[in-house]
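Notes follow once the structure below has been shown.
The residues of the chain are indexed from 1 along the displayed sequence.
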Amino acid sequence: MDTKTLLKKIDTYSQEVIKLQTNMIACPAVSPSEGGTGEGEKAAYLLSVIKKMKFDEVFVINIPDEKAPTGVRPNIMAKYYGENKEKTLWVMAHMDVVPAGDLSLWNTDPFKAVVKGDKIYGRGSEDNQQGLVSGLLAVKAMMDCNVRPPCNYALLLNADEEMGSEYGLLAILKKHSHLFGPEDVFLVPDGGNEEGTMVEVAEKNMLWAKITVLGKPTHASTPLAGVNAHRAAAHLVVALDEKLHKKFHKKDKLFAPELRSTFEPTKHEANVPNVNTIPGREVFYMDCRILPRYSNEKVLEVMRKIADKIEKKFGVTVTIEDPINDGSKPTDPKHPVVQLMKESVQTIYKNNPRIMGVGGGTVGAYLRNAGFPAVVYSKLDETMHQPNEYSSIKNTLGDAKVFALVAMRFN
């Protein structure tokens, strides 16, 4: 089939974008852990849409969660058969959204869609409903034009992405991995830039370190009677900052402009409430984004050696915990799906896309670590998690065209 016909069909879906977004925004799929009710209502709406379409397989994977009103978190899979049924191109998006936050910063009701020109305002409209709608409309065009792609095209609509995917992708990969074939690949429309030029195939390892320094509290006028944990922690922060950057100094042009690993001191917990007490306990955190060439374990080993020297110098005890410790394997930039994505983006947007890596984490890392090629792509105005979040109708349709082109050329 001439793909021009398919792309022209997608151009007629503007009202479909508005309808889908309006109904989804009205379903506040906030995690039960953050005071919401989860994805149940939104999943029910999406199932009602999907079941009216020509999918060959539709099923729901319910992951138990006692905090959810129904006791489960739903994940939806919908597959449209291609000529080769042994191979599937998955488009994966998430249904959950973050809370609205401070309502006084919103110009509209965050859970009532407002359309202004090309923009649809509402919580979740861009993160991740824009990508979800693009994935859905790409296959709708194939169905409406009575065409089958070379391989299967499938949607995977996940729960719990915003809170770590425990009740979403991670549970699916652990308990239902048989649903994926060895030749399957994934498109993840949950990251991008305003130019639509970022074809993301790699992520830095993510390591969050919680560092606790224990000394001995005393009155500030008698410092020799105690051990100042705050002073020791200050020296430790400086030592970590200097020595980690020096030790793990290599660059990788795939990750431009942040070519190196980064080690950033971030959160600091309160110690004592008054000025005239020397603190006996200090807790601070570091957010480390590490090039895949290095292991998180090696970084932790170096951190421990630095901490040992601080212990000896100041007479404190230092413990290092790693509440987040995720490695990330890259997708081969030469993989056919990566090249197809780059070519398709260039065709639709007339730009110069770049295959690249990022420092931030996405669910693409979970897929890559499980052995599946994954490409993260969207053309976004980057309003996610902000007050007055909005999505672009034009970008939604453009990305649907990109996904349709990839699907029709992937065999």
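Across Asn205 and Ser328, no two heavy atoms sit closer than the pair OD1-N, 2.9 Å. For the residue pair Ile320 and Ala209, the shortest heavy atom distance occurs at CG2-CB, 4.4 Å. Nearest heavy atom pair, residue Val338 against residue Pro333, reads CG1-O, 3.4 Å. Heavy atoms only, all atoms of each residue included: Ala404 and Ile10 are closest at CB-CD1, 4.0 Å. Minimum interatomic distance between Met142 and Ala407 (heavy atoms only, all atoms of both residues): CE-CB, 3.6 Å. When every heavy atom of Ser261 is checked against every heavy atom of Tyr294, the shortest pair comes out as OG-CD1, 3.8 Å.
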From CA spacing to verdict: salt bridge (Lys or Arg N to Asp or Glu O under 4.0 Å), Glu203, Arg368: CA-CA 10 Å; Glu203 298 171 17; Arg368 295 176 187 129; 3.4 Å; yes
Working for side chain to side chain contact (heavy atoms under 4.5 Å, CB included), residues Lys140 and Leu137: CA-CA 5 Å; Lys140 175 177 170 58; Leu137 295 184; 4.0 Å; yes
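In this structure the side chain of Pro217 never reaches within 4.5 angstrom of the side chain of Arg281, judged on heavy atoms. Residues Lys379 and Ile348 form no side-chain contact, since every pair of their non-hydrogen atoms from C-beta on lies 4.5 Å or further apart. Proximity of Val363 to Asn158: side-chain heavy atoms (C-beta onward) are nowhere separated by under 4.5 Å. Looking at heavy atoms from C-beta onward, Ile172 lies in side-chain contact with Leu156 at the 4.5 angstrom threshold. Contact check for Pro330 versus Val201: no side-chain heavy atoms found under the 4.5 Å cut-off. With a 4.5 Å cut-off on side-chain heavy atoms, Leu236 and Phe314 do not count as touching. Looking at Leu169 and Leu367, their side chains come closer than 4.5 Å, going by heavy atoms from C-beta outward. The side-chain heavy atoms of His335 and Val185, taken from C-beta on, include a pair separated by under 4.5 Å.
Under 3.5 Å, the side chains of Ser391 and Asn395 contain no donor-acceptor pair of N or O atoms. The closest side-chain donor-acceptor pair between Asp287 and Trp208 falls under 3.5 angstrom.
At distances below 3.5 Å, at least one donor-acceptor pair connects side-chain atoms of Lys204 with backbone N or O atoms of Arg260. Looking only at distances, a side-chain donor or acceptor of Glu126 sits under 3.5 Å from a matching main-chain atom of Thr383. Although no hydrogens or angles enter the test, the distance criterion places no donor-acceptor pair under 3.5 Å between the side chain of Thr396 and the main chain of Ser134. Judged by distance alone, the side chain of Glu282 and the main-chain N or O of Ala229 form no donor-acceptor pair under 3.5 Å. Arg73 places no side-chain N or O within donor-acceptor distance of the main-chain N or O of Ala159, the cut-off being under 3.5 Å. Judged by distance alone, with hydrogens and angles left aside, the side-chain atoms of Lys210 form no donor-acceptor pair with the main-chain N or O of Val283 at under 3.5 Å. Checked by atom type and distance alone, the side chain of Asp118 pairs as donor or acceptor with a backbone atom of Ile393 at under 3.5 Å. The backbone N or O of Leu132 sits nowhere less than 3.5 Å from a side-chain atom of Asn128 that would complete a donor-acceptor pair. A donor-acceptor pair is defined here as one N or O able to donate and one able to accept, closer than 3.5 Å; no such pair exists between the side chain of Thr331 and the backbone of Pro373. Listed for the Asn75 side chain is a donor-acceptor partner under 3.5 Å among the backbone atoms of Tyr167.
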Under 3.5 Å, which donor-acceptor pairs link side chains of residues 238-252 to any protein atom two or more places apart or in another chain?
residue, atom, partner, partner atom, Å
His245, ND1, Asp241, O, 2.7
His249, ND1, Lys246, O, 3.2
Asp252, OD1, Leu254, N, 3.0

Which donor-acceptor pairs under 3.5 Å do side chains of residues 89-102 form with protein atoms, sequence neighbours excluded?
residue, atom, partner, partner atom, Å
Trp90, NE1, Asp184, OD2, 3.0
His94, ND1, Asp96, O, 3.0
His94, ND1, Asp96, OD1, 3.0
His94, NE2, Asp127, OD1, 3.1
His94, NE2, Glu161, OE1, 3.1
His94, NE2, Asp190, OD2, 3.3
Asp96, OD1, Glu161, N, 3.2
Asp96, OD2, Glu161, N, 3.0
Asp96, OD2, Glu162, N, 2.7
Asp102, OD1, Ser104, N, 3.0
Asp102, OD1, Ser104, OG, 2.6
Asp102, OD2, Ser104, OG, 3.2

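Summarising the geometry, atom CG belonging to Asn84 is positioned 10.0 Å from atom CZ belonging to Phe410; distances are rounded to the nearest 0.5 Å. One distance of note links CD of Glu183 with SG of Cys151; it measures 9.0 Å at 0.5 Å rounding. Note: Thr266 OG1 to Tyr285 OH = 9.0 Å, rounded to the nearest 0.5 Å. Distance check: Ile50 CD1 to Ile76 CD1 gives 5.0 Å after rounding to the nearest 0.5 Å. Between atom CD1 of residue Ile290 and atom CG of residue Asn296 there is a gap of 4.0 Å, rounded to the nearest 0.5 Å.
Sorted by first and then second residue, the side-chain hydrogen bond (donor to acceptor under 3.5 Å, both in side chains) pairs with a member in residues 305-319 read Arg304-Asp308, Arg304-Glu311; sequence neighbours excluded. Among residues at least two apart or in separate chains, side-chain hydrogen bond (donor to acceptor under 3.5 Å, both in side chains) pairs with a member in residues 338-353 are Tyr349-Asp399. Evaluation of the ring-ring contact (aromatic ring centres under 6.0 Å, His included) test over residues 39-88, restricted to residues two or more places apart or in two chains, returns none. Pairs passing the ring-ring contact (aromatic ring centres under 6.0 Å, His included) check and including a residue from residues 388-407, sequence neighbours excluded, read Tyr121-Tyr390.
Here the options are Asn62, Ile61, Val60, the test is side chain to side chain contact (heavy atoms under 4.5 Å, CB included), and the partner is Val72; only Asn62 passes. When each of Leu103, Leu105, Thr108 is tested with Pro387 by the rule side chain to side chain contact (heavy atoms under 4.5 Å, CB included), just one qualifies, namely Leu105.
In terms of the ring pair (Phe, Tyr, Trp, His ring centres under 6.0 Å) criterion, His385 has no residue partners (sequence neighbours excluded). Residues satisfying the salt bridge (Lys or Arg N to Asp or Glu O under 4.0 Å) test with Lys298, not counting sequence neighbours, are Glu301. Applying the side-chain hydrogen bond (donor to acceptor under 3.5 Å, both in side chains) test to His176 and every residue at least two apart in sequence or in another chain returns nothing. Residues forming a side-chain hydrogen bond (donor to acceptor under 3.5 Å, both in side chains) with Asp326 (at least two apart in sequence, or on another chain): none. Applying the side-chain hydrogen bond (donor to acceptor under 3.5 Å, both in side chains) rule to Thr212 yields no partners; only residues at least two apart in sequence or on another chain are considered. The side-chain hydrogen bond (donor to acceptor under 3.5 Å, both in side chains) search around Asp11 returns Lys401, not counting sequence neighbours.
A salt bridge between Arg123 and Glu389 is present, with a side-chain N of the basic residue lying under 4.0 Å from a carboxylate O of the acidic one.
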